[in-house]
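Beneath this line is the structure, given in structure tokens, with notes to follow.
Values below: all heavy atoms of this structure, side chains included; hydrogens, waters and symmetry mates excluded. Below, chain A is the first sequence line, B the second, and so on; all start at residue 1.
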Amino acid sequence: MAKIINIIKGTKDILPQDVEQWHILESKALEIFSKYGYKEIRTPIFEATELFARGVGDTTDIVNKEMYTFEKSERSLTLRPENTAGVVRSFIENGMARLSAPVKLWYKGPMFRYERPQAGRQRQFHQVGVEMFGIKNAAADAEVILLAVNYLKSLGLCDLEVELNSLGCPTCREAYKSKIKEVLKPEFDNLCEDCQSRYEKNPLRLLDCKVESCKEIFAKPEIQKVIQSDFICEECAAHFEELKSYLDKLNVKYTINKLLVRGLDYYNRTVFEIKSNNLGSQNAVCGGGRYDSLVRNLGGEDTPAVGWAMGMERLNSLLPVPEPELLDGYIVSTSPADAFELAENLRTLGLKIEFDLANKKFTKQLEKASKVAKYALILGEDEIKSGTVSVKNLSTGEQVAVAKNKIAETLK
RNA sequence: GCGUCUGUCGUCAAGCGGUUAAGACCUCGGAUUGUGGUUCCGAUAUGCAUGGGUUCGAAUCCCAUCAGACGCCCCA
């Protein structure tokens with residue numbers, strides 16, 4: 001036998017028995033997002049590398065070590081590691097800034113990140129997400145969070161934690177960053193290797209280090225004082241307060257997590273995550289926030305925006321496995337031609353029908369019927385002569401002779 | 001990139017240096033040439049991820065490689 005070719009590390013087949021769950025995720029997304037006026041957009045799975053370098057940020061791990069990049073015709077192309085940059089690109093390129101704000105978009109599809117696979121993490125994975133452009137008010141942040149919560153609720157996922165934080169604007173964040181660096185400077189040599197590199201690259205990321213010795217350092221009162229201090233400027237604080245009051249009014253429960261930073265460079269002000277305790281260590285199902293400068297950074301008109309993305313595999317692993325769906329009928333017949341004709345007629349009426357293409361023995365056909373269908377439609381010589389079909393209910397064993405044109409009513 | 005653990009039929013597995021490599025499920029065939037889901041029989045790994053080694057003897061011990069799972073980093 002020829003050598004078999006295996007699936008690529010970090011990728012997964014979505015097998016027929018699992019696909020129903022995906023249909024649920026997708027149809028609920030369409031249903032719920034439509035109610036809020038969001039329209040689906042589909043962007044290419046590869047884009048110019050520069051889009052991600054400038055969009056996601058070239059200090060991020062996603063851009064630095066996780067992109068699938070390849071050259072073609074002297075262009076550097078990259079499989080999208082996330083879809084916000086692509087949607088923003090499309091927003092700009094298609095002149096959507098001219099549309100009356102807000103512009104509300106949602107998407108779903110595969111994303112690619114070269115990471116070590118583990119529970120809840122693949123190299124090709126799927127996200128569903130929303131983006132709203134053109135509204136700077138906290139009402140937009142609130143709507144987007146509410147939408148996430150309601151989408152999760154529609155899937156039956158209610159006991160999830162919403163965590164919230166504000167990163168402030170570039171101005172107040174810079175001040176905060178330098179304060180953190182200042183207070184940690186004496187401890188620099190005691191920090192772990194990762195933290196030492198984060199110190200320069202992204203001081204905010206220092207705060208949730210899991211190394212014990214670092215935790216101890218961060219727990220010191222003078223350092224905690226800086227971490228816990230409300231560094232954000234008045235405007236940013238007002239925005240955050242407004243968001244919280246909307247959420248309170250809408251009865252969306254949340255907790256403030258000052259250490260919530262998020263790893264993409266484009267966020268400002270609101271950031272949030274939704275977490276589950278049933279996911280192992282990769283416990284975030286949803287992550288998002290506000291990114292007011294991204295559109296401008298990618299060459300568009302200055303346009304405020306908020307959005308989030310959810311990992312569909314992670315959602316799926318929280319959902320119960322649906323029962324496999326049975327056929328309406330399985331035709332048991334010794335005459336394939338007649339079975340074919342009957343099957344086609346019933347399919348035209350919207351029924352799910354199969355019959356035995358291999359022309360096996362009667363008992364085998366019936367056995368198969370009992371495994372895959374609600375009803376066995378017995379079409380033998382006697383039935384063909386009399387123009388009827390014996391319809392057998394496979395769960396009760398009841399069997400009745402039915403005229404061919406009455407079968408559809410009997411099956412429902 | 002680093003760490004820990006794991007690779008025996010399509011699936012779940014027993015086996016722990018000497019076996020003919022259990023068993024179960026699935027699949028297929030038969031009992032049963034028009035009445036199933038129960039039952040009963042039968043079929044299905046010259047091979048235990050791959051390559052080396054140790055040994056009289058290896059699925060079992062050792063090494064390497066590959067693959068997978070989980071964790072770190074990071075993220076959905």
Side-chain angles (χ1 to χ4, degrees), chain A residues 3-4 6-12 15 17 25 56 59-67 80-84 108-129 148 192-195 197-198 201-202 205 208-211 214 260-264 272-276 279-288 307-318 326 330 332-335 356 358-384 390-399:
Chain A
K3 189 176 184 288
I4 60 172
N6 296 317
I7 195 166
I8 300 301
K9 185 200 273 278
T11 68
K12 285 263 198 318
L15 297 170
Q17 63 266 29
L25 290 186
V56 178
T59 67
T60 62
D61 279 6
I62 291 182
V63 167
N64 277 318
K65 41 185 219 195
E66 297 175 3
M67 295 208 298
R80 62 184 186 195
E82 55 96 58
N83 206 20
T84 298
K108 61 169 197 284
M111 309 295 158
F112 305 85
R113 263 123 92 158
Y114 187 80
E115 296 183 270
R116 198 62 174 261
Q118 59 181 271
R121 168 179 302 165
Q122 295 168 204
R123 289 181 173 179
Q124 177 179 169
F125 62 102
H126 297 76
Q127 288 188 329
V128 55
C192 71
E193 228 176 274
D194 286 328
C195 281
S197 75
R198 282 188 282 240
K201 249 172 46 185
N202 191 349
R205 289 231 74 92
D208 59 351
C209 184
K210 275 122 197 147
V211 176
C214 292
L260 179 61
V261 169
R262 305 211 45 74
L264 291 78
F272 61 93
E273 280 185 10
I274 303 179
K275 294 180 177 172
S276 163
L279 277 177
S281 89
Q282 311 306 323
N283 61 355
V285 279
C286 176
W308 49 254
M310 295 195 193
M312 296 177 82
E313 282 81 1
R314 292 184 190 176
L315 286 177
N316 264 331
S317 67
L318 294 173
L326 291 174
Y330 190 91
V332 174
S333 175
T334 48
S335 165
D356 174 37
N359 201 18
K360 286 189 202 163
K361 282 197 237 174
F362 183 89
T363 49
K364 291 294 174 192
Q365 291 190 33
L366 193 57
E367 189 181 333
K368 172 82 172 176
S370 71
K371 285 175 185 162
V372 301
K374 296 176 205 158
Y375 291 90
L377 308 179
I378 300 165
L379 179 64
E381 285 169 34
D382 300 347
E383 285 88 354
I384 291 170
S390 296
V391 176
K392 177 164 187 155
N393 182 324
L394 289 163
S395 52
T396 64
E398 281 176 73
Q399 182 171 325

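Residues A/Val332 and A/Ala369 share a closest heavy-atom pair of CG2-CB, 4.2 Å. For the residue pair A/Tyr330 and A/Val372, the shortest heavy atom distance occurs at CD1-CG2, 3.7 Å. Scanning all heavy atoms of the two residues, the minimum distance from A/Lys392 to A/Gly397 falls at CE-O, 3.9 Å.
The partner of B/rU60 cannot be assigned: no Watson-Crick or G-U wobble pair with both contacts below 3.5 Å exists in any strand. Using N1 to N3 plus N6-O4 or O6-N4 for Watson-Crick, or N1-O2 and O6-N3 for G-U wobble, each under 3.5 Å, B/rU54 pairs with nothing. In this structure, B/rA31 and B/rU39 make a Watson-Crick or G-U wobble pair, each of the two defining distances being under 3.5 angstrom. Across every strand in view, B/rG71 sits in a pair with B/rC2 that passes the Watson-Crick or G-U test at under 3.5 angstrom. Nucleotide B/rG47: unpaired (no Watson-Crick or G-U wobble partner with both distances less than 3.5 Å). Base pairing of B/rG10: its partner is B/rC25, meeting the Watson-Crick or G-U wobble criterion (both donor-acceptor distances under 3.5 Å). Judged by Watson-Crick or G-U wobble contacts below 3.5 Å, the nucleotide B/rU19 has no partner.
Atom P of B/rC26 sits at a distance of 32 Å from the matching atom of B/rU19, rounded to the whole Å. Separation of the P atoms belonging to B/rU11 and B/rC5 is 25 Å when rounded to the nearest angstrom. Remark: the separation of the C1' atoms in B/rU4 and B/rC48 is 24 Å, to the nearest Å.
Between the CG atom in A/Leu326 and the OH atom in A/Tyr375 there is a gap of 11.5 Å [rounded to 0.5 Å]. Here the straight-line distance linking atom CD of A/Glu313 with atom CZ of A/Arg121 works out to 12.5 Å at 0.5 Å rounding. Expressed to the nearest 0.5 Å, how far CG of A/Leu379 lies from CD1 of A/Ile384 amounts to 4.5 Å. For the atom pair CE of A/Met312 and NZ of A/Lys108, the computed distance is 7.0 Å after rounding to the nearest 0.5 Å. For the atom pair NZ of A/Lys374 and CG of A/Asn393, the computed distance is 10.5 Å after rounding to the nearest 0.5 Å. The structure places CD of A/Gln124 at 10.0 Å from CE of A/Met111, a figure rounded to the nearest 0.5 Å.
Between the NZ atom of A/Lys9 and the C1' atom of B/rU65 there is a distance of 13 Å, rounded to whole Å. Per the geometry, CG belonging to A/Asn283 stands 10 Å off P belonging to B/rG71, to the nearest Å. Rounded to an integer number of Å, the gap from A/Ile7 CD1 to B/rA49 C1' is 18 Å. Between the CD atom of A/Glu115 and the P atom of B/rG71 there is a distance of 13 Å, given to the nearest Å. The separation between A/Asp356 atom CG and B/rU27 atom P is 15 Å, rounded to whole Å. The distance from atom CZ of A/Arg123 to atom P of B/rA69 is 10 Å, rounded to the nearest whole Å.
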Could I get a table of every N or O pair under 3.5 Å where one atom is in the protein and the other is in nucleotides 2-4 of chain B?
{"from": "B/rC2", "atom 1": "N4", "to": "A/Arg116", "atom 2": "NH1", "distance (Å)": "2.9"}

Reading nucleotides 30-37 of chain B 5' to 3', which nucleotides get B (base under 4.0 Å from a protein heavy atom), which S (sugar-phosphate only), which -? SS--BBBB

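Within the nucleic acid shown, A/Gly129 has no heavy atom closer than 4.0 Å to any nucleic acid atom. Within the nucleic acid shown, A/Lys275 has no heavy atom closer than 4.0 Å to any nucleic acid atom. Using a 4.0 Å heavy-atom criterion, one finds that A/Lys374 contacts no nucleic acid atom at all.
The phosphate of B/rG71 has OP1 or OP2 within less than 4.0 Å of a side-chain N or O from A/Gln118. For B/rG1, the OP1/OP2 oxygens have no side-chain nitrogen or oxygen of A/Lys65 closer than 4.0 Å.
At most 12 non-hydrogen atoms from other residues, nucleotides or ligands lie less than 6.0 angstrom from NZ of A/Lys368. Summarising the local packing, CD1 of A/Ile7 is surrounded by more than 12 heavy atoms from other residues, nucleotides or ligands at distances under 6.0 Å.
Between A/Glu66 and A/Ile8, the residue anchored closer to the 5' end of RNA chain B is A/Ile8, taking for each the nucleotide with the nearest heavy atom. A residue-by-residue look at A/Arg121 and A/Glu82 shows that A/Arg121 has its nearest nucleotide of RNA chain B further toward the 5' end.
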